[in-house]
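Some notes on the structure that comes next.
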Amino acid sequence: MLSGRRLDLMDPSPVDVEIEDIAHGLARVARWNGQTRGTHAFSVAQHSVIVEQLTVELEPRLDPKSRLMAVLHDAPEYVIGDMISPFKAVLGDSYKDIEARLAHAIHARFGLPAETPASLKRLIKRADNICAWFEATQLAGFSALEADRFFGPPPSDIRLSLSPQTVEMAQAAFIGRTEDLLSAMETAA
């Protein structure tokens with residue numbers, strides 16, 4: 001990692017996880033394998049911040065810990081990249097195992113439960129699909145009907161206008177959001 005940390009993929013330690021490394025990596029990982037409109041790629045960092053905002057829109061009473069889990073829902077991708085779901089399925093359990101190990105280390109680093117509770121996982125997945133629908137239709141060339149088939153239609157009261165950010169903007173937004181939520185967790189404790 002650029003921080004100087006060395007992360008063992010088979011046995012990642014929370015001590016070797018830094019938010020700056022996560023933000024740096026995710027701001028440089030392109031959603032849709034970079035096949036999006038715009039001067040810049042739509043990054044996983046930008047996507048993650050939007051997904052957290054959507055979880056709050058869907059469930060306004062979420063506590064800071066749950067919101068941080070939403071921001072970090074794709075955090076392992078800072079090391080292993082963003083792969084499309086069909087390819088993840090082909091890779092099978094070995095990919096899922098590495099992804100889970102990384103997620104556990106990331107969660108431990110920030111004082112979160114190793115596993116995201118099932119109800120929160122469903123909420124985050126719903127927000128993730130809503131974001132993906134808007135990404136698909138605004139950035140990746142999908143029609144609304146195609147996006148409906150893959151992600152389900154978004155709630156009619158949710159509107160997003162997406163524009164890919166620069167790497168620097170996405171990285172700063174991700175760090176800012178996580179730091180705000182970590183502060184809120186400390187205050188709530």
(request) Given side chain to side chain contact (heavy atoms under 4.5 Å, CB included), test Asp21 with Tyr78 step by step and report yes or no. (result) CA-CA 8 Å; Asp21 290 332; Tyr78 89 102; 3.9 Å; yes

(request) May I ask you to test the Leu62-Leu120 pair for a side-chain heavy-atom distance under 4.5 Å? (result) yes

(message) Within the structure provided, determine whether His47 and Asp128 are in side-chain contact (heavy-atom separation under 4.5 Å).
(response) yes

(message) Within the 4.5 Å heavy-atom criterion, are Phe110 and Leu182 side-chain neighbours or not?
(response) yes

(request) Using modelled atom types only, decide if a donor and an acceptor are shared between the side chain of Arg109 and the backbone of Val17 within a distance under 3.5 Å. (result) yes

(message) What I want to check is whether the side chains of Gln171 and Arg28 have a donor and an acceptor closer together than 3.5 Å.
(response) yes

(request) Can you see which heavy atom on Leu58 is nearest to which on Pro155, and at what distance? (result) CD2-CG, 4.5 Å

(request) Could you check if a side-chain atom of Trp133 sits within less than 4.5 angstrom of a side-chain atom of Phe142, using non-hydrogen atoms only? (result) no

(message) Quick check: is Phe174 connected to Leu162 through a chain of hydrophobic side chains (ILVMFWY, heavy atoms under 4.5 Å apart)?
(response) yes

(message) With salt bridge (charged side-chain N to carboxylate O under 4.0 Å, His left out) as the criterion, how do Glu99 and Arg101 come out once you've worked through the C-alpha distance, each side chain's angles and the decisive distance to 0.1 Å?
(response) CA-CA 6 Å; Glu99 185 178 45; Arg101 289 174 195 226; over 6 Å; no

(message) On a heavy-atom basis, which atom in Pro164 and which in Leu139 lie closest, and how many Å separate them?
(response) CD-CD2, 3.8 Å

(message) I need the Ile130 CD1 to Thr55 OG1 distance, nearest 0.5 Å.
(response) 10.0 Å

(request) Please report the shortest heavy-atom distance between Ala127 and Val51, naming the atom on each side. (result) CB-O, 3.7 Å

(request) Sequence neighbours left out, what passes side-chain hydrogen bond (donor to acceptor under 3.5 Å, both in side chains) with Glu77? Give chain and number order. (result) none

(message) Holding to side-chain hydrogen bond (donor to acceptor under 3.5 Å, both in side chains), I want the full list of residues that pass it with Asp16, two or more places apart in sequence or in another chain.
(response) none

(request) Decide yes or no for Met185 and Asp63: does some side-chain heavy atom of the first lie under 4.5 Å from some side-chain heavy atom of the second? (result) no

(message) Please determine whether residues Val15 and Ile106 belong to a single hydrophobic cluster, defined as Ile, Leu, Val, Met, Phe, Trp and Tyr linked transitively by side-chain heavy-atom distances below 4.5 Å.
(response) no

(message) Quick check: closest heavy atoms across His73 and Ala70, and the distance to 0.1 Å?
(response) ND1-O, 2.6 Å

(message) If we ignore hydrogens and angles and just use 3.5 Å, is the side chain of Arg5 paired with the main-chain N or O of Leu2 as donor and acceptor?
(response) no

(message) What I want to check is whether the side chains of Ser48 and Asp74 have a donor and an acceptor closer together than 3.5 Å.
(response) no

(message) Could you tell me if the side chain of Phe134 sits less than 4.5 Å from the side chain of Ile158, heavy atoms only?
(response) yes

(message) If I take atom CE from residue Met10 and atom CG from residue Leu102, how far apart are they, to the nearest 0.5 angstrom?
(response) 10.0 Å

(message) So, taking the atom named CD1 in Ile98 and the one named NZ in Lys96, what distance separates them when rounded to the nearest 0.5 Å?
(response) 13.0 Å

(request) Check Pro12 against Ala105 and note the closest heavy-atom contact, atom names and distance. (result) O-CB, 3.6 Å

(request) To the nearest 0.5 Å, tell me how far Thr116 OG1 sits from Met69 CE. (result) 5.5 Å

(request) First locate atom NZ of Lys125, then atom NZ of Lys121, and finally report the distance between them rounded to the nearest 0.5 Å. (result) 10.5 Å

(request) Please determine if Glu179 and Arg177 form a salt bridge, counting it only when a charged side-chain N lies under 4.0 Å from a carboxylate O. (result) no

(request) Measure the CD-CG distance between Glu135 and Leu160 for me, rounded to the nearest 0.5 Å. (result) 9.0 Å

(request) Would you name the heavy atoms of Ala147 and Ala136 that are closest together and state the gap between them? (result) CB-CB, 4.2 Å

(request) Check whether any side-chain heavy atom of Leu112 lies under 4.5 Å from a side-chain heavy atom of Leu72, and answer yes or no. (result) yes

(message) Please tell me whether Glu115 and His104 have a donor and an acceptor in their side chains that are separated by less than 3.5 angstrom.
(response) yes

(message) With clusters defined by side-chain heavy atoms of hydrophobic residues (ILVMFWY) lying less than 4.5 Å apart, directly or transitively, does Met169 cluster with Val29?
(response) no

(request) Kindly indicate whether the side chain of Ile22, heavy atoms from C-beta on, has any atom under 4.5 Å from the side chain of Ile175. (result) no

(message) As a quick check of understanding, evaluate side chain to side chain contact (heavy atoms under 4.5 Å, CB included) for Glu52 and Leu181, giving each step before the final call.
(response) CA-CA 11 Å; Glu52 184 264 336; Leu181 291 168; 4.2 Å; yes

(request) Would you sort out whether Glu20 and Met1 count as a side chain to side chain contact (heavy atoms under 4.5 Å, CB included), showing the intermediate values? (result) CA-CA 10 Å; Glu20 292 80 8; Met1 303 296 128; over 6 Å; no

(message) Checking Arg126 now: which residues fulfil salt bridge (charged side-chain N to carboxylate O under 4.0 Å, His left out) with it, not counting sequence neighbours?
(response) none

(message) Is it the case that the side chain of His40 and the backbone of Thr166 share a donor-acceptor pair, with hydrogens and angles ignored and the cut-off at 3.5 Å?
(response) no

(message) Hydrophobic clusters here meaning ILVMFWY residues chained together by side-chain heavy-atom distances under 4.5 Å, can you tell me if Val56 and Ile124 are in one?
(response) no

(request) Report yes or no: do Leu91 and Val44 belong to one cluster of Ile/Leu/Val/Met/Phe/Trp/Tyr joined by side chain heavy-atom distances under 4.5 Å? (result) yes

